[in-house]
Amino acid sequence: STLMRSSAASDVYKRQAYELCKRLEFKNMLNRFDPATTADSSMELEFFTCNDLSGVEALFEKAAQKDQVGISVLADPDQVYTVGLVLDEKEIYQIPVGGLLTGDYLCGKLKALADSTVLCAMDIKAVLKHVPLEEPEKVFDTGVAAYLLNPLKSSYTYDDIAREYLDGMMLPAKEDLLGKTSLKKAWEEEMECLGNYACYQAFVPCMARKVLLEKLDETGMRKVYDEIELPLVFTLDSMEKWGISVKGEELKSYGEKLKVRIQELEKTIWQESGEEFNINSPKQLGVILFEKLGLPGGKKTKTGYSTAADILDKLAPDHAIVKDILEYRQLTKLKSTYADGLGNVIGEDGRIHSTFNQTITATGRLSSTEPNLQNIPMRIELGRLIRKAFVPKEGFEFMDADYSQIELRVLAHMSGDEKLIEAYREAQDIHRITASQVFHIPFDEVTDLQRRNAKAVNFGIVYGISSFGLSQDLSISKKEAAEYIERYFETYPKIKTFLDGLVEDAKKNGYVTTMFGRRRPVPELSSSNFMQRSFGERVAMNAPIQGTAADIIKIAMIRVHDRLLEEHLKSRLIITVHDELLIETAEDEIDRVKEILTEGMQQAADLKVALAIDLHTGKNWYEAK
């Protein structure tokens with residue numbers, strides 16, 4: 001650890017690190033330092049510390065003359081520790097906070113610098129938490145660019161990007177420099193290590209910008225970066241800072257309601273099983289279900305019977321105890337994650353500030369963490385009730401809008417199937433129309449069961465569902481499910497041609513694209529494993545549709561957010577949940593915001609079928625939804 005932190009990426013450092021890793025049998029780290037593989041990819045980096053006011057002033061004046069600079073801001077939410085500033089491969093500086101060089105002063109200098117040059121950083125959204133930048137064209141987000149080029153990775157760190165885009169350059173990772181030391185502790189005790197980290201964080205964005213932009217141009221994703229992902233950084237930053245107000249007492253009340261129902265279910269399950277046992281123990285539950293009660297489908301593993309959701313879901317329609325167990329699991333998770341868990345993340349301002357991630361999912365969909373606000377259950381009423389705890393501030397209301405069947409509408413547009421397009425243009429119940437056409441019966445005579453089956457096929461087709469998968473969803477035979485799918489494709493023949501074409505293109509190119517040009521690699525298609533290849537085929541069918549829907553909601557978010565700011569309104573976009581947007585709306589701006597939200601969402605893309613939305617307002621999120 002000491003050796004790894006001792007210097008920058010010098011050849012001596014690498015040779016010493018290689019020998020040490022070899023001696024200690026750290027086999028997974030040998031390639032990082034092997035002289036045979038890194039001799040031609042190393043660069044002697046020299047870092048400088050600038051810690052006096054006059055020197056920093058001169059440095060920023062010099063930086064303003066450059067076409068681009070690399071920056072990093074190492075900080076906790078309430079304190080900046082060090083700033084990295086890179087002018088080129090020879091001028092790499094770290095500026096520690098101290099004395100007259102306050103965090104506010106340095107962040108102010110970075111904001112002013114954006115008037116003269118492009119600021120390149122690993123994570124612009126993290127920079128925005130301390131530097132109030134406003135123009136996307138004045139920044140470059142290295143992590144977002146790398147994500148677009150390869151959305152299958154789990155993270156986008158400076159050392160990975162250097163290795164991939166800077167001729168195999170090997171740099172020590174954050175863990176090598178700081179281990180598990182916090183930024184605050186490193187600032188107090190290991191300033192050299194923190195300074196090196198700040199320098200690397202700024203160096204890689206500065207050096208990699210040119211090649212990343214070239215790659216985006218080569219892959220046809222420059223427009224996705226410039227017009228969707230980069231502006232979205234600023235939208236998400238605003239949403240995170242604004243947050244959403246939560247009533248702590250309402251959460252407690254909700255938790256009590258859950259507790260009562262959980263206790264009821266517990267007693268019912270014990271009565272149905274004939275004995276008391278720990279329902280949360282998979283081992284005990286497996287014995288009760290598959291040995292004592294003799295339920296079918298038990299799969300025994302080394303640790304006991306599997307009680308995974310997919311196994312219990314199949315049993316639930318025919319066995320009341322299983323249905324109760326599934327509800328019990330859902331409610332206990334609701335209580336721990338939301339009723340109890342959300343109370344721990346309410347800020348001093350009474351609001352929850354979730355983090356919205358745009359470099360996590362391979363399809364381009366956004367995710368939410370700390371806390372995850374996108375997993376609040378909507379299928380059961382007790383799950384929906386938690387939304388009552390989310391309220392607007394005084395003088396405001398919530399306005400909520402979500403797209404109606406956006407993925408099916410995207411499928412209609414991208415496939416060009418005239419019957420599906422016409423069904424949407426008739427603006428009737430799409431699932432009832434599908435049932436009418438698939439089962440060859442008049443629209444008015446379609447039963448609720450037939451509509452439900454048609455709905456399952458409609459949405460299943462988008463995900464490349466198999467006859468087996470559909471049979472499980474509808475509790476019918478595989479043969480019946482295969483007939484449903486066959487009739488569906490006979491009704492909408494261009495959809496079959498379109499989906500088959502997506503798979504063939506993916507096999508040929510190694511990737512699929514959305515309507516806007518976003519790529520999703522599909523390496524699973526070249527796997528020797530049949531299950532992997534089958535999964536790859538489903539990905540190839542779904543990713544262009546789900547990815548296009550994700551692009552559309554992102555475009556809508558950017559437009560709505562920007563319009564609210566341009567018109568100097570008090571209302572703000574605060575939450576997105578997949579195809580849904582929530583705005584905290586000033587009561588005297590409701591009519592105008594409704595127009596902005598409707599236009600922003602319906603005009604986000606020009607499809608052969610109209611983008612429809614469901615829009616509601618209310619005094620809490622439950623009412624607005």
Side-chain angles (χ1 to χ4, degrees), residues 125 128-129 132-136 227-228 230-248 250 342 346-356 358 366 368 373-374 376 378 384 386-404 406 552-605 610-625:
K125 184 148 65 73
L128 291 175
K129 296 294 180 277
L133 305 170
E134 296 172 355
E135 300 176 66
E227 298 183 11
I228 299 178
L230 187 59
L232 185 68
V233 170
F234 291 78
T235 301
L236 296 179
D237 172 64
S238 170
M239 291 165 60
E240 291 176 3
K241 286 175 179 172
W242 202 260
I244 184 169
S245 180
V246 180
K247 280 187 173 179
E250 192 76 37
L342 287 180
I346 299 175
E348 292 180 6
D349 58 355
R351 301 172 78 89
I352 284 176
H353 300 268
S354 182
T355 298
F356 294 96
Q358 65 188 116
L366 293 167
S368 163
L373 295 177
Q374 299 192 334
I376 296 175
M378 288 299 293
R384 287 193 292 268
I386 194 172
R387 290 192 173 208
K388 286 189 174 181
F390 294 85
V391 295
K393 60 185 179 181
E394 193 172 340
F396 284 69
E397 284 192 11
F398 277 158
M399 186 177 296
D400 184 286
D402 65 341
Y403 281 115
S404 170
I406 186 171
I552 290 172
I553 193 76
K554 286 177 175 180
I555 291 167
M557 289 171 64
I558 295 163
R559 290 186 178 182
V560 170
H561 167 262
D562 289 354
R563 284 282 294 281
L564 295 175
L565 290 183
E566 287 164 8
E567 298 190 20
H568 305 290
L569 299 178
K570 300 185 289 290
S571 306
R572 288 291 180 273
L573 176 65
I574 58 171
I575 294 288
T576 178
V577 180
H578 304 314
D579 307 328
E580 172 188 358
L581 298 184
L582 181 70
I583 294 179
E584 190 165 32
T585 310
E587 290 174 352
D588 59 345
E589 296 174 352
I590 286 176
D591 291 342
R592 182 64 192 128
V593 171
K594 190 176 289 187
E595 291 174 6
I596 290 172
L597 185 56
T598 302
E599 289 173 13
M601 293 182 74
Q602 290 184 340
Q603 297 174 15
L611 284 170
I613 65 169
D614 297 317
L615 188 151
H616 305 279
T617 59
K619 288 294 184 183
N620 57 53
W621 198 3
Y622 179 87
E623 285 183 13
K625 182 63 181 169

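Values in this document were obtained by computation on a predicted structure and should not be read as measured data.
- His578 contributes atom NE2, which lies 11.0 Å from atom CD1 of Ile553 (distance to the nearest 0.5 angstrom).
- Between Trp621 and Phe398 the shortest heavy-atom distance is N-CD1, 3.4 Å.
- In this structure, CG on Leu581 lies 9.0 Å from CG on Asp579, to the nearest 0.5 angstrom.
- Glu227 pairs by the salt bridge (Lys or Arg N to Asp or Glu O under 4.0 Å) definition with nothing, not counting sequence neighbours.
- You'll find the side chain of Asp237 reaches within 4.5 Å of the side chain of Lys129, heavy atoms only.
- Side-chain contact between Phe396 and Glu587 is absent, with no heavy atoms from C-beta onward closer than 4.5 Å.
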Under 3.5 Å donor-acceptor pairs involving side-chain atoms of residues 594-604, not counting sequence neighbours:
unit_1 : atom_1 : unit_2 : atom_2 : d
Glu595 : OE1    : Arg592 : NH1    : 2.5
Thr598 : OG1    : Lys594 : O      : 2.7

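- Atom-to-atom distance recorded for Ile574:CD1 and Ser354:OG is 11.5 Å, nearest 0.5 angstrom.
- The ring-ring contact (aromatic ring centres under 6.0 Å, His included) test applied to Tyr403 returns no partner, not counting sequence neighbours.
- Between Glu584 and Lys393 there is no salt bridge, since none of the side-chain N atoms of the basic residue sits less than 4.0 Å from a carboxylate O of the acidic one.
- Contact annotation: the side chain of Phe356 never approaches that of Val233 to less than 4.5 Å [non-hydrogen atoms, C-beta and beyond].
- Applying the side-chain contact (heavy atoms from CB on, under 4.5 Å) rule to Thr235 yields the partners Leu232, Met239, Met557, Ile558, His561, Leu573; only residues at least two apart in sequence or on another chain are considered.
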Evaluate the criterion side chain to side chain contact (heavy atoms under 4.5 Å, CB included) for residue pair Met399 and Leu582; output intermediate values, then yes/no. CA-CA 6 Å; Met399 186 177 296; Leu582 181 70; over 6 Å; no
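- Judged purely by distance below 3.5 Å, without hydrogens or angles, the side chains of Glu397 and Thr585 never pair a donor atom with an acceptor atom.
- A donor-acceptor distance shorter than 3.5 angstrom exists from the side chain of Gln374 to the backbone of Thr576, with no hydrogens or angles considered.
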Passes side chain to side chain contact (heavy atoms under 4.5 Å, CB included), Leu565 versus Arg572? Steps please. CA-CA 8 Å; Leu565 290 183; Arg572 288 291 180 273; 3.4 Å; yes
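- Closest non-hydrogen pair, Ala586 versus Ser571, comes out as N-OG, 3.0 Å.
- Between Ile352 and Leu342 there is a side-chain heavy-atom pair separated by less than 4.5 Å.
- Summarising the geometry, atom CG belonging to Leu615 is positioned 8.5 Å from atom CD1 belonging to Ile583; distances are rounded to the nearest 0.5 Å.
- In this structure, the separation between OG1 on Thr617 and CG on Asp400 is 10.0 Å, given to the nearest 0.5 Å.
- Taking the charged nitrogens against the carboxylate oxygens, Lys125 and Glu240 do have a contact shorter than 4.0 Å, which makes a salt bridge.
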Evaluation steps, side chain to side chain contact (heavy atoms under 4.5 Å, CB included), between Leu373 and Ile575: CA-CA 8 Å; Leu373 295 177; Ile575 294 288; 3.4 Å; yes
Apply salt bridge (charged side-chain N to carboxylate O under 4.0 Å, His left out) to Glu580 and Arg387, showing your working. CA-CA 14 Å; Glu580 172 188 358; Arg387 290 192 173 208; 3.1 Å; yes
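- With salt bridges taken as basic N to acidic carboxylate O contacts below 4.0 Å, none links Glu250 and Lys388.
- Among residues two or more places apart in sequence or in another chain, the side-chain contact (heavy atoms from CB on, under 4.5 Å) test is passed with Asp349 by Arg351, His353.
- Between Lys554 and Leu366, the closest side-chain pair of non-hydrogen atoms falls below 4.5 Å.
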Step-by-step side chain to side chain contact (heavy atoms under 4.5 Å, CB included) determination, Lys625 to Asp402: CA-CA 9 Å; Lys625 182 63 181 169; Asp402 65 341; 2.8 Å; yes
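- When the salt bridge (Lys or Arg N to Asp or Glu O under 4.0 Å) test is applied to Asp614, no partner is found at least two apart in sequence or on another chain.
- What you find for Ile244 and Phe390 is that their closest heavy atoms are CD1-CD2, 3.6 Å.
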